[in-house]
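For reference, the structure discussed in these notes is given below.
Throughout, a chain's letter reflects where its sequence line sits, starting with A, and its residues are numbered from 1. Values below: all heavy atoms of this structure, side chains included; hydrogens, waters and symmetry mates excluded. Just so it is clear, the model here is predicted, and its values are computed rather than measured.
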There are 2 protein chains.
Amino acid sequence: MELTERKLKILQAIIDDFVFSAEPIGSRTLSKKLDLGISPATIRNEMADLEEMGYLTHPHTSAGRTPSDKAYRLYVDTLMERHPLPVEEQTAIRTRLNENFNELNKTIEKAATLLSEITNLTAFALTPKEDNNQLKYINLLPVDKTSVVLMIVTESGKVSNTVIRLRSGYDQRKLEILSKMLTYNYRGRELSSIQTIDLVKKVEADIAALSAMSGFMENFMPEFLRTLEKMLDTELYMEGLTNIFDIPEYNDLDKARMFLKMMKQKDRFTEVLDNRADGVIITIGEENTDEEMKDCSLITATYRVNGKFIGKLGVIGPTRMKYDEVISLVEFMTDNLSNTFQITGDTDSEE
Amino acid sequence: MELTERKLKILQAIIDDFVFSAEPIGSRTLSKKLDLGISPATIRNEMADLEEMGYLTHPHTSAGRTPSDKAYRLYVDTLMERHPLPVEEQTAIRTRLNENFNELNKTIEKAATLLSEITNLTAFALTPKEDNNQLKYINLLPVDKTSVVLMIVTESGKVSNTVIRLRSGYDQRKLEILSKMLTYNYRGRELSSIQTIDLVKKVEADIAALSAMSGFMENFMPEFLRTLEKMLDTELYMEGLTNIFDIPEYNDLDKARMFLKMMKQKDRFTEVLDNRADGVIITIGEENTDEEMKDCSLITATYRVNGKFIGKLGVIGPTRMKYDEVISLVEFMTDNLSNTFQITGDTDSEE
DNA sequence: GATTAGCACTCATGCAAAGAGAGTGCTAAC
DNA sequence: GTTAGCACTCTCTTTGCATGAGTGCTAATC
């Protein structure tokens with residue numbers, strides 16, 4: 001059977017209506033709304049065809065039709081009209097994203113918040129995985145008798161610090177030497193490569209021999225490695241979880257519970273996100289591999305930090321969603337993030 | 001009317017049963033369970049008395065009785081037997097709390113996680129408010145052409161850093177001088193006092209005059225103040241939110257939604273917590289001042305960091321909860337946190 | 001051949017009635 | 001003071017029934 005022009009129009013109308021109302025739509029209503037001069041009976045015939053082709057479903061015999069996942073897929077791929085965001089909205093988003101200009105993670109979190117606010121869905125943002133990020137320097141600074149701060153800075157400007165509590169005291173001058181030695185040894189190394197045992201052992205031996213600080217090292221080294229590991233971790237921000245309560249599809253305690261319990265498993269969701277390709281990716285209902293997500297649609301897009309490290313941003317909601325709007329929005333926001341996180345480096349010393 | 005021994009026994013039995021089953025309990029069941037050799041009829045009379053006194057309620061005429069808030073209050077104040085935590089549980093908790101020994105906030109977050117896991121309720125932890133915390137030193141470190149790291153350390157060992165992106169470049173040597181000047185000027189000041197304008201203005205003027213860095217200062221000062229402000233903020237961790245789905249009282253979409261939406265308002269909840277006195281505080285149902293919490297019970301306890309800064313830890317759940325267990329647990333955990341966060345300072349320099 | 005009117009049929013939904021079950025309150029007897 | 005007995009109340013579940021929205025099919029129409 002062929003998807004005639006008219007069938008497409010009918011399908012489109014059903015999708016539009018259903019996305020708006022969440023109610024199955026019948027032939028009579030559709031005939032009135034469609035204004036094509038065809039009677040409900042004709043529409044019924046067309047709808048029966050569309051159902052046979054797999055674009056429509058029936059909740060029960062005497063109910064109207066609802067679009068299937070296949071219909072949404074068709075919609076997203078060919079039917080959907082794309083509109084750029086209205087200029088006011090663009091500037092509003094830009095302003096709010098720039099409020100936390102110099103805190104990368106805050107900006108990313110804000111992006112998720114904004115996204116959920118605008119779409120009224122659940123939005124999330126994954127901070128970039130900085131795998132091949134090189135270490136710039138390591139600094140050890142005294143806090144009090146038994147604590148020092150370990151500060152690590154990478155070439156990309158990522159900074160991490162940990163307060164390390166030591167079992168023994170330390171000597172401040174030696175701390176400075178140690179900082180320099182560590183920096184000298186590790187500078188330019190990729191964070192992930194430092195975890196390898198032989199490199200660590202070598203440095204450890206060098207330093208211990210040089211300054212007779214072996215007692216100190218015992219406390220310090222494990223913490224140092226843990227901090228590095230932590231720097232490789234990504235962070236997942238999730239916003240608007242309770243928005244699902246306002247979505248008719250989830251007007252059912254069990255469904256809402258299921259959804260929330262799944263989203264609470266951040267590790268698992270992060271993995272799902274990690275496995276998605278770059279660019280704007282849309283998976284609709286059954287297209288999702290995870291069982292619990294088979295009645296959701298997931299839209300993700302990627303942004304870049306310094307044109308290099310890839311983070312993700314997106315939305316999860318019922319398959320019935322305003323794909324056109326959400327896609328435009330997600331695209332706009334990731335583009336914007338990528339721009340914000342681009343090192344300009346064009347201004348130079350002045351004062 | 002008087003609360004006779006027998007009335008107390010009956011009340012206790014009703015509470016015990018209801019806490020366990022969440023079902024109203026009738027005279028016949030109670031008579032069998034109670035084993036006092038009194039008939040259902042007698043129990044009915046006693047229950048009628050207890051209801052008149054305000055300790056019991058009736059969901060409807062032909063239902064059993066349920067304890068009122070007043071009954072729980074009596075239970076907590078006088079009826080409840082306190083048992084110390086079993087030793088295995090104590091050690092298990094201690095071990096898990098110490099897993100993140102040197103990250104204060106992680107330990108606190110873990111405490112909330114544990115608390116929610118053990119009680120199957122929603123648990124939360126508030127990091128201490130370090131109001132009168134004195135500044136120890138300020139360090140500015142270069143990252144790249146247009147970014148510097150601002151690092152602030154307080155006397156209590158709290159460390160905060162921000163990457164500040166500057167509109168103009170800077171001179172590394174001057175950065176060092178600036179660090180020293182800022183430290184010299186602010187050391188020993190309380191964080192909150194630094195926000196006052198005149199002090200800031202004075203320092204700003206001094207530095208600008210001294211090193212002709214006014215261009216730099218324009219970018220730097222607002223960020224510096226923001227970072228300080230951020231250091232005064234507390235963090236609220238909340239765990240086990242979805243546990244409410246397993247509680248019969250919330251087997252109702254509207255109630256669950258209400259609860260979750262309320263708990264999402266972290267600012268508001270933080271304020272509620274801030275207003276609570278020190279030590280273990282229990283507020284039951286109507287005793288809570290917030291409208292949305294009038295069918296919940298809130299149990300909070302305080303812990304101390306360095307014997308000084310006060311943080312809070314607690315649980316929120318239905319009024320029907322195992323008060324004895326939860327209270328013991330919360331108490332044990334806060335005691336433990338206070339110990340963990342006590343500076344020992346007894347070991348001295350060695351190597 | 002496509003379109004349409006007409007009609008029987010299906011199913012969800014809402015409502016009322018009926019019966020079962022749990023539990024109470026009261027009275028009268030112990 | 002305690003208890004047995006009984007009428008009464010209220011919830012909950014089941015059943016039947018009417019309603020309405022919508023379909024599928026057939027036969028007539030364009």
Side-chain angles (χ1 to χ4, degrees), chain A residues 1-11 13-15 17-18 20-68 248-249 251-253, chain B residues 1-11 13-15 17-18 20-68 71 248-249 251-252:
Chain A
M1 210 176 309
E2 210 197 337
L3 262 179
T4 61
E5 186 74 16
R6 194 170 67 181
K7 280 194 174 59
L8 281 176
K9 269 204 181 118
I10 291 175
L11 186 56
I14 293 175
I15 294 174
D17 191 273
F18 187 72
F20 179 77
S21 73
E23 298 290 335
I25 180 165
S27 54
R28 218 178 93 84
T29 331
L30 198 58
S31 129
K32 273 187 284 184
K33 192 164 292 182
L34 211 53
D35 206 25
L36 282 177
I38 36 178
S39 77
T42 314
I43 291 184
R44 276 206 288 284
N45 290 331
E46 295 285 50
M47 292 207 293
D49 288 351
L50 283 167
E51 181 157 358
E52 201 183 322
M53 290 193 257
Y55 292 108
L56 294 179
T57 354
H58 242 156
H60 57 88
T61 7
S62 70
R65 300 304 212 288
T66 59
S68 68
E249 275 88 335
N251 235 323
D252 166 338
L253 198 68
Chain B
M1 210 177 309
E2 211 196 337
L3 262 179
T4 60
E5 186 73 15
R6 194 170 67 182
K7 279 195 174 60
L8 281 177
K9 269 203 180 119
I10 291 174
L11 186 56
I14 294 175
I15 294 175
D17 191 274
F18 187 70
F20 179 75
S21 73
E23 297 291 335
I25 181 165
S27 53
R28 219 180 92 83
T29 331
L30 198 58
S31 130
K32 272 187 282 184
K33 192 164 291 183
L34 211 54
D35 206 26
L36 281 177
I38 37 178
S39 77
T42 314
I43 292 184
R44 276 207 287 285
N45 290 332
E46 295 285 50
M47 293 207 293
D49 288 351
L50 283 167
E51 181 158 358
E52 202 184 320
M53 290 192 258
Y55 291 108
L56 294 179
T57 352
H58 242 155
H60 58 88
T61 7
S62 70
R65 300 304 213 287
T66 59
S68 66
E249 275 89 336
N251 234 324
D252 166 338

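- In this structure, Leu36(A) atom CG and dA2(C) atom P are separated by 17 Å, rounded to whole Å.
- Counting only heavy atoms from C-beta outward, the side chains of Leu30(A) and Asp17(A) never approach each other to under 4.5 Å.
- Between the P atom of dT2(D) and the CE atom of Met47(B) lies a distance of 15 Å, rounded to the nearest Å.
- Although no hydrogens or angles enter the test, the distance criterion places no donor-acceptor pair under 3.5 Å between the side chain of Ser27(A) and the main chain of Ile43(A).
- By the 4.5 Å heavy-atom criterion applied to side chains, Arg6(B) and Ile38(B) are counted as neighbours.
- For the pair Thr61(A) and dC11(C), the criterion of a side-chain N or O lying under 4.0 Å from OP1 or OP2 is met.
- A sub-4.0 Å separation between OP1 or OP2 of dT3(D) and a side-chain N or O of Thr42(B) is present.
- The nearest whole Å value for the distance from the CD atom in Glu46(B) to the P atom in dG23(C) is 19 Å.
- Ranked by how close their nearest DNA chain C nucleotide is to the 5' end, Glu51(B) and His60(B) are led by His60(B).
- Distance, Leu56(B) CG to dG25(C) P: 11 Å, rounded to whole Å.
- Here the side chain of Arg6(B) is nearest to one of dT2(D), dT4(C), dG22(D), namely dT2(D).
- Side-chain contact between Leu3(B) and Tyr55(B): present, with at least one pair of heavy atoms (C-beta onward) separated by less than 4.5 Å.
- Scanning atom types as modelled, no donor and acceptor separated by under 3.5 angstrom connect the side chain of Ser39(B) and the base of dT3(D).
- Here the straight-line distance linking atom CG of Leu56(A) with atom CG of Leu50(A) works out to 5.0 Å at 0.5 Å rounding.
- Nucleotides of DNA chain D nearest to Arg28(A) and Ile38(B) differ in position, and the one nearer the 5' end is that of Ile38(B).
- On a pure distance criterion of 3.5 Å, a polar donor-acceptor pair joins the side chain of Arg44(A) and the base of dG6(C).
- Whole-Å rounding puts the Asn45(A) CG to dT4(C) P distance at 10 Å.
- Straight-line distance from the CD1 atom of Ile10(A) to the P atom of dA2(C): 15 Å, rounded to whole Å.
- Here Ala41(B) lies in heavy-atom contact (under 4.0 Å) with a base.
- Atom CD of Glu23(B) and atom P of dT11(D) are 15 Å apart (whole Å).
- Listed candidates were dT24(C), dA21(D), dG24(D). Nearest to the side chain of Arg65(A) is dG24(D).
- Listed candidates were dT9(D), dA21(D), dT23(D). Nearest to the side chain of His58(A) is dT23(D).
- Residue Leu50(B) contributes atom CG, which lies 12 Å from atom P of dG25(C) at whole-angstrom precision.
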